[in-house]
S.K.: 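Provided herewith is a single structure, encoded as structure tokens, for subsequent inquiry.
All values below come from the heavy atoms of this structure, side chains included, with hydrogens, waters and symmetry mates left out.
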Amino acid sequence: MENNPIQEVTFDGETYSIENLTPRAIESFNTLFKGQQKLNDLAIEVRLAQAGISGLSQDLRNILKEDKIKPTVKVEEEKE
């Protein structure tokens, strides 16, 4: 695989040449990219956790059904 360094970056619809960026602009781009990557990783973790919770909820439904556990029926008293 060829090692092609990044020549340009796009931000807010504008393209910037890497060679024209100052060190602080490069640092800021790097921080932004790393933050976006972290956010994407967290989104994947949330999806995995949601799938786990969904599976656990289905397991609980099956247990309640198999063990023939019925929900409690609430009887409300009539107010005078």
S.K.: Please round to the nearest 0.5 Å and tell me the distance separating atom CD1 of I69 and atom CD1 of I63.
M.R.: 8.5 Å

S.K.: Apply the hydrophobic cluster definition, ILVMFWY joined by side-chain contacts under 4.5 Å directly or through others, and give me every member besides I44.
M.R.: L48

S.K.: Pairs under 3.5 angstrom only: tabulate donor-acceptor contacts from the side chains of residues 50-61 to other protein residues two or more places apart or in another chain.
M.R.:
| from | atom 1 | to | atom 2 | distance (Å) |
| --- | --- | --- | --- | --- |
| S57 | OG | I53 | O | 3.0 |
| Q58 | OE1 | R61 | NH1 | 3.3 |
| Q58 | NE2 | N62 | OD1 | 3.2 |

S.K.: Please test T15 against E8 for side chain to side chain contact (heavy atoms under 4.5 Å, CB included), starting from the C-alpha separation and ending with a verdict.
M.R.: CA-CA 7 Å; T15 301; E8 299 175 330; 3.6 Å; yes

S.K.: Do L39 and L32 sit in one hydrophobic cluster, given that two such residues count as connected whenever their side-chain heavy atoms are within less than 4.5 Å of each other, even indirectly?
M.R.: no

S.K.: Sort and list the pairs that fulfil side-chain hydrogen bond (donor to acceptor under 3.5 Å, both in side chains) and have at least one residue in residues 18-36, not counting sequence neighbours.
M.R.: Q36-N40

S.K.: Filter on side-chain hydrogen bond (donor to acceptor under 3.5 Å, both in side chains), then keep only pairs touching residues 64-75, sequence neighbours left out; what's left?
M.R.: none

S.K.: Please, which pairs that meet ring pair (Phe, Tyr, Trp, His ring centres under 6.0 Å) have at least one residue in residues 23-63, sequence neighbours excluded?
M.R.: F11-F29, F29-F33

S.K.: If you take all heavy atoms of V9 and L21, which pair is closest and at what distance?
M.R.: CG2-CD1, 4.2 Å

